[in-house]
Structures are given as structure tokens and as C-alpha cells.
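Just below is one structure, and these are the notes that go with it.
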Amino acid sequence: MAKDSTPSRSTGSEGFTLIEIMVVIVILGILATLIIPRIMDRPDQARRTKATLDIQAIGQALDLYRLDNHRYPTTDQGLDALVKKPSVEPVPKQWRQNGYLAKLPKDPWDGAYVYMSPGMHGEYDLVSMGADAELGGEGNAADVESWNLSASQ
């Protein structure tokens, strides 16, 4: 008796059918539409959180400056007074030799923090202008303000 020369087919070991691949692609598409919008918002949220933390740290350095010198730096002296001794009057007499900050941070959108003393909302105002680099704004472009930190937490 002669053997049949056609190869035998074992079931289920050749791979996936086109239908199975299409079902997996549809499921991945559905998952992507649900998950990606949530992930995409995280960088903006992280930037706002970093700006909040920076403002709090700068605020603590300003408070230390005030403890040593009995006043906050003026608007003209600016935040640079936390890094190097101001030469603009009133020159602080008790300025710390190493300063109050190693360096001034930039805000997460690569802008400078805006400092005013006296401020309109307290002894000083400290602001990150957000993604649009302009005062005001909404959503991701909204400012992060020292006097509103507790409301945004």
C-alpha cells in the first residue's frame, strides 16, 4: 500500500487567521481610544504641579530672606536677590553668604517666574504665566499664582 504524499495538517498550529488578527486590532483600537486621552493630559498636569512646587520652594527662600533681613526683596532686586547679594537699595545687611537658592529655576514652560513686592495679593506675588507665557489664560495656559496655590491643590 502506498502512502499518501500530501502533508498532514495539524489543527491550530499554523498561526492566526485574518479574522483573529482583525479582532485583536479592533480591541486594541478601542483600548487606545479610552486610554490615550487620559495619558495625553498628564504632561500638562505634571508641569502645573512642578510650577506649584517651585513657587512653594521660592516662597520658603523668600521667607528665609525676610527672617534675615526684615523685609522681602524689592521688585527691582527681584528673585536674583535669593541667589546673589543685591546691589540695589535697600542692600541687605544680613544676606546669607551662600544665598537662599543655588540657582533660580525656570518655570516648566521655560519662562521666568514673575515676582512683585509689595504684591497686590500679599507682601509679594509670585507667578508662572503658564503655557501661553502671558498673564491670565485658561486650562493649560492658566497662570500658577502664589496666592492661589491652596485653591489649585
Side-chain angles (χ1 to χ4, degrees), residues 12 15-153:
F16 298 106
T17 66
L18 181 59
I19 298 280
E20 291 170 328
I21 292 172
M22 288 175 59
V23 167
V24 168
I25 290 173
V26 168
I27 291 171
L28 290 174
I30 291 170
L31 288 173
T33 58
L34 295 173
I35 294 171
I36 287 179
R38 294 179 190 196
I39 294 172
M40 294 306 287
D41 190 39
R42 295 289 187 214
D44 293 321
Q45 183 181 4
R47 285 185 186 100
R48 296 190 66 73
T49 299
K50 183 185 181 315
T52 298
L53 294 173
D54 281 352
I55 287 174
Q56 289 172 341
I58 294 169
Q60 290 173 351
L62 286 166
D63 291 341
L64 289 173
Y65 181 99
R66 182 177 182 222
L67 282 173
D68 289 347
N69 301 291
H70 310 292
R71 64 176 311 151
Y72 289 106
T74 64
T75 301
D76 289 338
Q77 292 170 328
L79 294 175
D80 287 334
L82 300 174
V83 178
K84 60 184 178 196
K85 186 174 183 178
S87 57
V88 176
E89 291 294 331
V91 176
K93 294 181 182 6
Q94 300 296 321
W95 192 84
R96 286 187 183 184
Q97 185 170 358
N98 295 326
Y100 299 87
L101 291 174
K103 67 176 190 168
L104 283 178
K106 287 202 172 256
D107 77 4
W109 297 276
D110 207 30
Y113 287 98
V114 177
Y115 171 76
M116 293 178 289
S117 178
M120 295 175 58
H121 301 92
E123 295 189 61
Y124 67 84
D125 291 350
L126 188 54
V127 179
S128 168
M129 294 189 286
D132 65 354
E134 295 179 10
L135 288 174
E138 296 179 8
N140 295 330
D143 299 343
V144 181
E145 304 157 326
S146 59
W147 62 92
N148 281 330
L149 291 184
S150 60
S152 67
Q153 299 288 337

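For clarity, every value in this text was computed on a predicted model and none was experimentally measured. Reckoned from all heavy atoms, side chains included, excluding hydrogens, waters and symmetry mates. Heads up: numbering here begins at 1 and tracks the sequence.
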All heavy atoms of S128 vs all of I55, minimum pair found to be N-CD1, 4.1 Å
Residue pair A51 / V144: nearest heavy atoms and the distance that separates them:
CB-CG2, 4.0 Å
Taken to the nearest 0.5 Å, the spacing of Q60 CD from L82 CG works out to 12.0 Å
Take R66 and L62, measure what side chain to side chain contact (heavy atoms under 4.5 Å, CB included) needs, and give me the verdict at the end.
CA-CA 6 Å; R66 182 177 182 222; L62 286 166; over 6 Å; no
I need the minimum non-hydrogen distance between P73 and G78, along with the two atoms involved.
CB-O, 3.7 Å
More than 12 heavy atoms of other groups within 6.0 Å of M22 CE:
no
Main-chain N/O of P90 paired with Q77 side-chain donor or acceptor, under 3.5 Å:
yes
Under 3.5 Å donor-acceptor, T75 side chain and S117 backbone
yes
CD of E138: more than 12 outside heavy atoms within 6.0 angstrom?
no
Residues Y113 and P105: closest non-hydrogen pair is CD1-O, 3.5 Å
Return each pair, listed once, that meets salt bridge (charged side-chain N to carboxylate O under 4.0 Å, His left out) where at least one residue sits in residues 22-32; pairs must be two or more places apart or across chains.
none
Going by salt bridge (charged side-chain N to carboxylate O under 4.0 Å, His left out), name the pairs with one or both residues in residues 53-64, residues two or more places apart or in two chains.
K50-D54
By side chain to side chain contact (heavy atoms under 4.5 Å, CB included), I27 pairs with (sequence neighbours left out) V23, L31
The side chain to side chain donor-acceptor pair (under 3.5 Å) partners of H121 (sequence neighbours excluded) come to D125
Shortest non-hydrogen pair, N69 vs P92, comes out as OD1-CB, 3.1 Å
With sequence neighbours left out, write down each residue that passes side chain to side chain contact (heavy atoms under 4.5 Å, CB included) with D143, or none if nothing qualifies.
V127, M129, L135, E145
If I compare all heavy atoms of G130 with all of D107, which pair ends up nearest, and what's the gap?
N-OD2, 4.4 Å
Just checking L28: does its CG atom have more than 12 heavy atoms from other residues, nucleotides or ligands closer to it than 6.0 angstrom?
yes
Going by salt bridge (charged side-chain N to carboxylate O under 4.0 Å, His left out), name the pairs with one or both residues in residues 78-100, residues two or more places apart or in two chains.
D68-R96
Per the side-chain contact (heavy atoms from CB on, under 4.5 Å) rule, which among Y100, Y65, Y115 passes with L79?
Y115
